[in-house]
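The structure appears below as structure tokens.
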There are 2 protein chains.
Amino acid sequence: MLMLSSVSLPRTHSLSELGMRSETNPMINFSKYTYLRGSEIYGEKESADYVYQVKSGTVRSCKWLPDGRRLIGAFHVVGDIFGMENGSTHRFTLQAVVDTTVRLIRRQSLNAIAERDCKLSKQLLDMTTCNLKHAEDHVLLLGRKSSPERVAAFILEMDERLAVAGILTLPMSRRDIADYLGLTLQTVSRSLSHMRELGILGFVGTSQRQIVLLDRQLFAGLDRQD
Amino acid sequence: MLMLSSVSLPRTHSLSELGMRSETNPMINFSKYTYLRGSEIYGEKESADYVYQVKSGTVRSCKWLPDGRRLIGAFHVVGDIFGMENGSTHRFTLQAVVDTTVRLIRRQSLNAIAERDCKLSKQLLDMTTCNLKHAEDHVLLLGRKSSPERVAAFILEMDERLAVAGILTLPMSRRDIADYLGLTLQTVSRSLSHMRELGILGFVGTSQRQIVLLDRQLFAGLDRQD
DNA sequence: CGTCCATTTGATGCAGGTCAATACCTGTGG
DNA sequence: CCACAGGTATTGACCTGCATCAAATGGACG
């Protein structure tokens, strides 16, 4: 559910690198929207009409089983692109984790270009391959890693993408993390507490969402893939 | 699609030997090759020089954690294509589950065609998207489904791809199934036994690998995604 | 018919789930 | 500035589903 819209000039970021800037009218191709914390950007099985790039905030990509069990397939943070489907419908529901602003473009125009432009086509393939690699790593994590290993992998993944000046500020709740890692929120909390007790991680001041990694070696040891 | 040739190469486990053979005869795009049960087709992080199609048999695609825990990301059966990477190296190790014959083509020549032919380029994207969808479903299964749900989903997936005249003949062991489902082989065996007791599934004669689905309704109920 | 695996089945343990209480942010209003 | 409310996080006690350990059984093939 969208709050405000305004036309914005395309910055030189990934979406424009995809070649859309050169299309007919760049002025109306990009719009900015802001979604309130918790609101839905699009639903599973909805028609995939737009491609999005996070300008600020964080987005979660999730699926549900019929009885309400939820799984989060990915988090998208500033700079990330999401919503680009090869088929005609979305396979996940996308929701704002916190108030989030996105840029968007009609997918139709992207596909139109892709049919003529092999280079763009290649870039779409690269994007899909990147998502595939992430899903494959996630499969290994969910299929064979213990709970502390999962939490360590998560912290490292987020630290790479979100840390500023050595401080990782998590935008998502323990429940979100749990649904990303195939655990319960209690288990996530216990793992984090345990890591703090071990001194390999610390919280900043009073915050429960700001983390400092104190022993990257140990984290890497927990996380190494093979 | 392309179909031709049945040049049998000498049995060897060296990919480079295959490569030399192909290069000396550039006119032959496809070669046939047979891998013995259990042998490796290629290893994780090896250079991705060939794309394969299963002619007969079954292949498993796996990763290991440093301590030996294994996860199988996918099984490839007759007709399936595997080994097509966007990057330069393979991300999984591929092994023959049973004696398996594959057709193969140098990836290089495929890429060469793709650069000129947008249609092929689109097909590569479709293939990758298909793999992505499979991985995403697998993530949901591993992250949030119970053991009987996982086994039911597996049986249905294989039934769709392998069943002949109502009989599903599994080429892989209970351990392979377990490593695909993020379980132990005992849990897989118990789930199957339980399903047989419930009468929703039966084994053919004396075999432990030939399955008949007796109650598709119940299976679908266990498996439905949302 | 004996050897070698694969599979099943049983007994027991434990990692992580469930239930429940407490503590802790954060925002609002006095 | 404090008080209170409502969501979020931590922590504890207990439970259970699946893993682990351990036989026993079965099937394939010499």
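Values reported hereafter were calculated over all heavy atoms of this structure, with side chains retained and with hydrogens, waters and symmetry mates removed. Remember, it's a predicted structure, so these values are computed and weren't measured experimentally.
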Look at B:Asp179 together with B:Arg60 and state whether they make a salt bridge at an N to O cut-off of under 4.0 Å. no
Side chain B:Arg190 and base D:dT20 donor-acceptor under 3.5 Å: yes
Counting the atoms with a prime plus P, OP1 and OP2 as sugar-phosphate, which does [X] contact under 4.0 Å by heavy atoms, base, sugar-phosphate, or nothing?
X	result
B:Ser207	nothing
A:Arg209	sugar-phosphate
B:Gly205	nothing
B:Ser193	sugar-phosphate
A:Gly38	nothing
B:Leu183	sugar-phosphate

Are [X] and [Y] linked by a side-chain donor-acceptor pair shorter than 3.5 Å?
X	Y	result
A:His134	A:Glu157	yes
A:Glu149	A:Ser146	yes
A:Arg106	A:Tyr50	yes

Return the OG to CZ distance between A:Ser88 and A:Arg107, rounded to the nearest 0.5 Å. 7.0 Å
Between A:Arg144 and A:Arg175, which has a closest nucleotide on DNA chain D that is more 5'? A:Arg175
Evaluate the criterion salt bridge (Lys or Arg N to Asp or Glu O under 4.0 Å) for residue pair A:Asp176 and A:Arg70; output intermediate values, then yes/no. CA-CA 9 Å; A:Asp176 284 339; A:Arg70 183 180 71 161; 2.8 Å; yes
B:Thr129 side chain vs B:Met127 backbone, donor-acceptor pair below 3.5 Å: no
Taking B:Lys63 for its side chain and B:Arg91 for its backbone only, find out whether a donor-acceptor pair lies under 3.5 Å. yes
Using the closest heavy atom to pick a nucleotide of DNA chain C for each, name whichever of B:Thr187 or A:Val188 lands nearer the 5' end. B:Thr187
Which pairs of donor and acceptor atoms, one on a side chain in residues 200-209 of chain A, lie under 3.5 Å apart (sequence neighbours left out)?
residue	atom	partner	partner atom	Å
A:Ser207	OG	A:Arg209	N	2.9
A:Ser207	OG	A:Gln210	N	3.0
A:Arg209	NH1	A:Pro171	O	3.0

What is the separation between atom CZ on B:Arg37 and atom P on D:dC29, rounded to the nearest whole Å? 10 Å
Can you give me the bend angle of the helix from C:dC1-D:dG30 to C:dG30-D:dC1? Use the axis through the first five pairs and the one through the last five, nearest 10 degrees. 30°
When you get a sec, tell me which of D:dG27, D:dC21, D:dC18 is the closest nucleotide to the side chain of B:Gln208? D:dG27
Within less than 4.0 Å of OP1 or OP2 of D:dG27, is there a side-chain N or O belonging to B:Thr206? yes
At a 4.0 Å cut-off to heavy atoms of chain A, the contacted part of DNA chain C spans C:dG16 to C:dC25
